[in-house]
Asks: 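Following this message is one structure expressed as structure tokens.
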Amino acid sequence: MAELVTEAGGGPLRRTLGLTQLTLLSVGATLGTGIFVVLGEAVPQAGPAVVLSFVLAGVTALFSALSYAELAGMIPGAGSSYSYTYATLGELVAWVCGWCLILEYGVSVAAVAVGWGQYVNELLQLTIGRTLPDALAAPPGDGGVLNVPAAAIVVLAMVVLLRGARESAVVNTVMVAVKLAALVIFCAVAFTAFHAGNFRPLFPLGTAGMTAGASSLFFSYIGFDAASTAGEEAKHPQRDLPRAIVLSLGLVTALYCAVALAAVGAMPWQRFAGTEATLSQVLVRSVGGGELWPVLLSIGAVVATTSVVLTVQYGQIRILFSMSRDGLVPGLFSRVHRRTGVPRAGTVIVSAFVALLAALIPLGDLADATSIGTLFAFALVNLAVLILRRRTPDAPRSFRVPLAPVTPLLGVACCGYVMYGLGADTWIAFGAWMAVGLAVYGLYGIRHSTLNRPAPEPETTP
């Protein structure tokens, strides 16, 4: 572990991010498609209990966030939970975790990009009365040919990321402010049409429906760990990373519950089925005042999802940077451009792959695949805290998980419970993804790993 801390402290990435920027990076990566779009898929599963689904998903995320905060203060590297498991559970488990993070970050960017395209279409419909044709705005599984808007926003984010971390953080700060304002406006307007009767009965689909809703909505919390991927670009990582992670999750959870309460209070839960651009549809169908509020919300949603694409794509590139430095993926992912301090080749390759996913795969499949990979990685982070507490009890920790070992164990249990609520198709896809990952590790990673390279021969003098 000491080697990882030293390596992170002397890496080629530039330390330019403070607490505010790290917190907004985490909020920017979290607050987006999950609340603006996936809410429409979760409400038909849970009914009015979707508010409690958000609480269940948030508590699950909180346990893992506390573990992230402790490890981020100890190991301020760029690899997030990959670096933590590498330091505690060994290379093989770290590879499995990193492979899950590739699924989490890469696929979630694609899912967010698809949601961005939905709100672009909604905005066009509200302003000019027309939308993009399905052939250009939907993937093959949804009746289209290519989702061009989804691919376009990924490429746009790539252009911003290539300019550098500081420049990307400035753009993200502006976008986070816009989307926070959009959600506050939504709550204020939707509460004017609030009907308490929409919450009776609270559990029309039983507690199993609430759990299923939480499984889908966990996608909404993915991204709070993005701050931990900036460990090598933070000015004071041991102090600021734990604070940024906990602050961002608390802010996001409170806002999610308020939005869900306002949305279901304004529109009966049965009417959410099949909606796209869900929050905008709530205002169109249930609130008076013409098209002004839906237009403003759609603009906010477009900005919000742009922010998520930018920040989560950033996190994916930094994780591959760390894996490349350890020899588990090709070295070009850790080559940093001298002028911008950005892994340029990795940024372009990741963006091209994500753009392809966004153009071809429907949102629902992407969201569930993202959730299961994330939950598995979160469970490993909770285990890593327990192992480090036993192995290095006296190591300096700028933040300590309260009530350990109970809290990390609850984190593992909650992750397993929410994973259980995902469908069989998602589990099959996850199993296939893990099988491919183990094959890649066996064929490439284990042979090129820095741990398995022979030590250099000692020099001798004649």
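Being a predicted model, the structure only gives us computed values, none of them experimental.
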Asks: Quick one: which residue pairs count as a side-chain hydrogen bond (donor to acceptor under 3.5 Å, both in side chains) with a foot in residues 244-253, not counting sequence neighbours?
Replies: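 Pairs touching residues 244-253 that pass the test: Ser26-Ser248.
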Asks: Taking side chain as C-beta onward, heavy atoms only, is Tyr314 less than 4.5 Å from Thr347?
Replies: no
Asks: Any salt bridge (charged side-chain N to carboxylate O under 4.0 Å, His left out) involving residues 211-224? Give me the pairs, sequence neighbours left out, ordered by first then second residue.
Replies: none
Asks: Is Leu126 close to Ser280 at the side-chain level, that is, under 4.5 Å between some pair of heavy atoms?
Replies: yes
Asks: Going by heavy atoms in the side chains, are Leu146 and Leu136 under 4.5 Å from each other?
Replies: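 In short, these two side chains do not touch, never coming nearer than 4.5 Å.
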Asks: For the residue pair Met323 and Trp95, establish whether any side-chain heavy-atom pair is separated by less than 4.5 Å.
Replies: yes
Asks: I'd like to check the side chain to side chain contact (heavy atoms under 4.5 Å, CB included) partners of Ile128; sequence neighbours left out, ordered by chain and number.
Replies: Leu124, Arg130
Asks: Is it the case that the ring center of Phe333 lies less than 6.0 angstrom away from the ring center of Phe321?
Replies: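 No: the rings miss the under 6.0 Å criterion.
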Asks: Please tabulate, for the side chains in residues 174-183, all donor-acceptor contacts under 3.5 angstrom to protein atoms that are two or more places apart in sequence or on a different chain.
Replies:
{"from": "Lys179", "atom 1": "NZ", "to": "Gly28", "atom 2": "O", "distance (Å)": "2.9"}
{"from": "Lys179", "atom 1": "NZ", "to": "Leu31", "atom 2": "O", "distance (Å)": "2.4"}
{"from": "Lys179", "atom 1": "NZ", "to": "Ala304", "atom 2": "O", "distance (Å)": "3.4"}
{"from": "Lys179", "atom 1": "NZ", "to": "Ser307", "atom 2": "OG", "distance (Å)": "3.4"}

Asks: Not counting sequence neighbours, which residues clear side chain to side chain contact (heavy atoms under 4.5 Å, CB included) with Glu91? List them please.
Replies: Tyr86, Leu328, Tyr441, Ser449, Leu451, Asn452
Asks: Taking side chain as C-beta onward, heavy atoms only, is Glu122 less than 4.5 Å from Gln281?
Replies: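 Yes. Closest side-chain heavy atoms under 4.5 Å.
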Asks: With sequence neighbours excluded, tell me which residues meet ring-ring contact (aromatic ring centres under 6.0 Å, His included) with Tyr444.
Replies: His448
Asks: For residues 421-433, run the donor-acceptor check on the side chains, cut-off 3.5 Å, and write out each pair with its distance to 0.1 Å, sequence neighbours left out.
Replies:
{"from": "Trp427", "atom 1": "NE1", "to": "Met419", "atom 2": "O", "distance (Å)": "3.2"}
{"from": "Trp433", "atom 1": "NE1", "to": "Trp99", "atom 2": "O", "distance (Å)": "3.0"}

Asks: Using atom types as modelled and distance alone, determine if a side-chain donor or acceptor of Tyr221 lies under 3.5 Å from a backbone N or O of Phe54.
Replies: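 Between the backbone of Phe54 and the side chain of Tyr221 there is a qualifying donor-acceptor contact (under 3.5 Å).
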Asks: Is a side-chain donor or acceptor of Ser286 paired with a backbone partner of Ala266 at a separation under 3.5 angstrom?
Replies: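 Checking the backbone N and O of Ala266 against the side chain of Ser286, a donor-acceptor pair under 3.5 Å is found.
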Asks: Ser351: which residues meet the side-chain hydrogen bond (donor to acceptor under 3.5 Å, both in side chains) condition with it, sequence neighbours left out?
Replies: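 Here the qualifying residues are Gln313.
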Asks: How would you list, by chain and number, every residue that makes a ring-ring contact (aromatic ring centres under 6.0 Å, His included) with Phe63, sequence neighbours excluded?
Replies: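 If we apply the ring-ring contact (aromatic ring centres under 6.0 Å, His included) test to Phe63, skipping adjacent residues, there are no hits.
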Asks: Once side-chain hydrogen bond (donor to acceptor under 3.5 Å, both in side chains) is applied, what residue pairs with a partner in residues 51-65 remain, sequence neighbours excluded?
Replies: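 Counting only pairs at least two positions apart or across chains, the side-chain hydrogen bond (donor to acceptor under 3.5 Å, both in side chains) contacts touching residues 51-65 are Ser64-Asn382.
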Asks: Check whether any side-chain heavy atom of Arg271 sits under 4.5 Å from a side-chain heavy atom of Arg285, and report yes or no.
Replies: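 Yes; the side chains approach each other to less than 4.5 Å.
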Asks: Quick one: list whatever passes side chain to side chain contact (heavy atoms under 4.5 Å, CB included) with Pro149, sequence neighbours left out.
Replies: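 Only Trp116, Leu132, Asn147 meet the side chain to side chain contact (heavy atoms under 4.5 Å, CB included) criterion with Pro149.
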Asks: For Ile185, which residues count as a side chain to side chain contact (heavy atoms under 4.5 Å, CB included) partner, sequence neighbours excluded?
Replies: Val189, Trp293
Asks: Stepwise, does the side chain to side chain contact (heavy atoms under 4.5 Å, CB included) test hold for Thr278 with Phe272?
Replies: CA-CA 7 Å; Thr278 304; Phe272 280 78; 3.7 Å; yes
